[in-house]
Number of protein chains: 2
Amino acid sequence: MAHELHEKGLRLTPQRELVLSAVRSLGHATPEEVAEKVRSTHPGINLSTVYRNLETLENVGLVLHTHLGHGGATYHAAEELTHLHLVCSDCGAIGDAPIDAAANFVNTLSDDYGFKTDVTHFAIYGLCAKCAEKNDQKKRTDGKTK
Amino acid sequence: MAHELHEKGLRLTPQRELVLSAVRSLGHATPEEVAEKVRSTHPGINLSTVYRNLETLENVGLVLHTHLGHGGATYHAAEELTHLHLVCSDCGAIGDAPIDAAANFVNTLSDDYGFKTDVTHFAIYGLCAKCAEKNDQKKRTDGKTK
DNA sequence: TAGGATCTTGCAAATTACTCGCAAGAACAA
DNA sequence: TTGTTCTTGCGAGTAATTTGCAAGATCCTA
């Protein structure tokens, strides 16, 4: 970590270490959640420091952010971003799928449109298996009662 | 339009008609842009009315929103949402691709994970052809000069 | 087709999620 | 150690929505 920072003239501070280790231990996390985690052991750390450090750590390539919904970004340690996020529009559950599942899609976009897709940056949105089934049942019931 | 609204006990107001026709004429639009369009002919209409009506029209299925980036949602008329959005991380350009380009991907997620994907809800993120080429050139140049 | 229940609107204030300016406090190269 | 430059904490500032309310509109009903 010190290496990546020093390469760009940046410094290794305790706050930076804490933010990075919070992101690593949380898996997916919003800035707010990172702040909460960091503060659970070091209450003095300011929210804006967390925001700034997430940005800095992203610039040096140690963390990445993904959009899972509404607006807020969620952060990941760079080395952990190895899966797609399947976000359920109904229950909000966040599922995973291997990046390979999108390999053909990515190739198609590259071959036909020259577009180099980063499939992890945005969530894949839809209905999880559970909610899809629930909706099917409801639809059948509605059909009968009408 | 009156039909869809009345079915749910909602009313057809001039503001609603204006918001829907603004969305239809704009294609992609943020709430702010919709408001601007509406106000160009009817200055008195309040921004919160626009927000509320976009939500209402979405509930009755006449418009949909998509996340193209950062935070803000962009709205479409429901009948026009027939393409993927390819958002360039570098230059911000928004390209289109037919939904069919994702058909295999959608089937894979459905077959393997039971996940029913709505590919239009989030943008597909990556580098557009132009920026991908630019980056390639730069990478080659950097390689030589180092 | 007037009356009234209920939905909507406009307005202003409140919220949410960040972002910024600044002075005091660290890192770290020398 | 020391000075330069990066960082932090803090408070204030923004941008994008959201909400509470009273006045106004829509539309069902008789």
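The chains referred to below are lettered A, B, ... by the order of the sequence lines, with proteins before strands, and numbering in each begins at 1.
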task = When you get a sec, tell me which of C:dT8, C:dT9, D:dT8 is the closest nucleotide to the side chain of A:N53?
result = D:dT8

ask   = Nearest to the side chain of A:T13 - D:dT7, C:dT9, D:dG9?
value = D:dT7

ask   = Between B:T30 and A:L10, who's closer to the 5' end of DNA chain D by nearest nucleotide?
value = A:L10

d([atom1], [X]; [atom2], [N]) in whole Å:
X	N	atom1	atom2	answer
A:H67	C:dC18	NE2	C1'	14 Å
A:R16	C:dA27	CZ	C1'	10 Å
A:Y75	C:dC18	OH	C1'	10 Å
B:H65	D:dA16	NE2	P	17 Å
B:Y51	C:dC11	OH	P	17 Å
A:L12	C:dA29	CG	C1'	15 Å
A:E17	D:dT7	CD	P	13 Å
B:L47	C:dA13	CG	C1'	15 Å

query = OP1 or OP2 of D:dG9 less than 4.0 angstrom from a side-chain nitrogen or oxygen of A:Q15, does that happen here?
reply = yes

query = Are any of the side-chain heavy atoms of B:H76 and B:H65 separated by less than 4.5 Å?
reply = no

key: By side-chain contact (heavy atoms from CB on, under 4.5 Å) - contacts of A:T117 (at least two apart)   = A:V106, A:L109, A:F115, A:V119, B:I124

message = Going by the rule side-chain contact (heavy atoms from CB on, under 4.5 Å), which residues pair with A:E7 if we only count those two or more places apart in sequence or in a different chain?
response = A:H3

Which residues share a side chain to side chain donor-acceptor pair (under 3.5 Å) with [X], sequence neighbours left out:
X	result
B:K37	none
A:S48	A:N46
B:R24	B:E79
A:H28	A:H85

task = Mind running a 4.0 Å heavy-atom check of residues 33-43 of chain A against DNA chain D and sending the residues that fall below it, in number order?
result = none

Nearest heavy-atom neighbours spanning A:C88 and A:C131 = SG-SG, 3.7 Å

task = Please round to 10 degrees the angle between the axis of the first five pairs and the axis of the last five pairs in the helix from C:dT1-D:dA30 to C:dA30-D:dT1.
result = 40°

Output one line per pair: protein atom, nucleotide atom from nucleotides 28-30 of chain D, and distance, for all N/O pairs under 3.5 Å.
none

request  = Scan B:I45 against the nucleic acid and name what it touches under 4.0 Å (heavy atoms): base, sugar-phosphate only, or nothing.
outcome  = sugar-phosphate

ask   = Just by distance, do the side chain of A:R39 and the backbone of A:G44 share a donor-acceptor pair under 3.5 Å?
value = no

inquiry  = Closer than 3.5 angstrom, by distance alone: can the side chain of B:T74 be matched with the main-chain N or O of B:T30 as a donor-acceptor pair?
reply    = no

CD (B:E80) with more than 12 external heavy atoms under 6.0 Å = yes

ask   = Should we say atom CD of A:E36 is surrounded by more than 12 heavy atoms from elsewhere, each under 6.0 Å from it?
value = no

task = Give every residue pair that meets the salt bridge (Lys or Arg N to Asp or Glu O under 4.0 Å) criterion with at least one member in residues 87-116 of chain B, sequence neighbours excluded.
result = none

key: Whichever hydrophobic residues join B:L62 through chains of side-chain contacts under 4.5 Å   = B:M1, B:L5, B:L10, B:L12, B:L18, B:V19, B:L20, B:V23, B:L26, B:V34, B:V38, B:I45, B:V50, B:L54, B:L57, B:V60, B:V63, B:Y75

Distances under 3.5 Å between protein N/O atoms and the N/O atoms of nucleotides 20-24 of chain D, please, pair by pair.
residue : atom : partner : partner atom : Å
D:dG20  : O6   : B:R52   : NH1          : 3.4

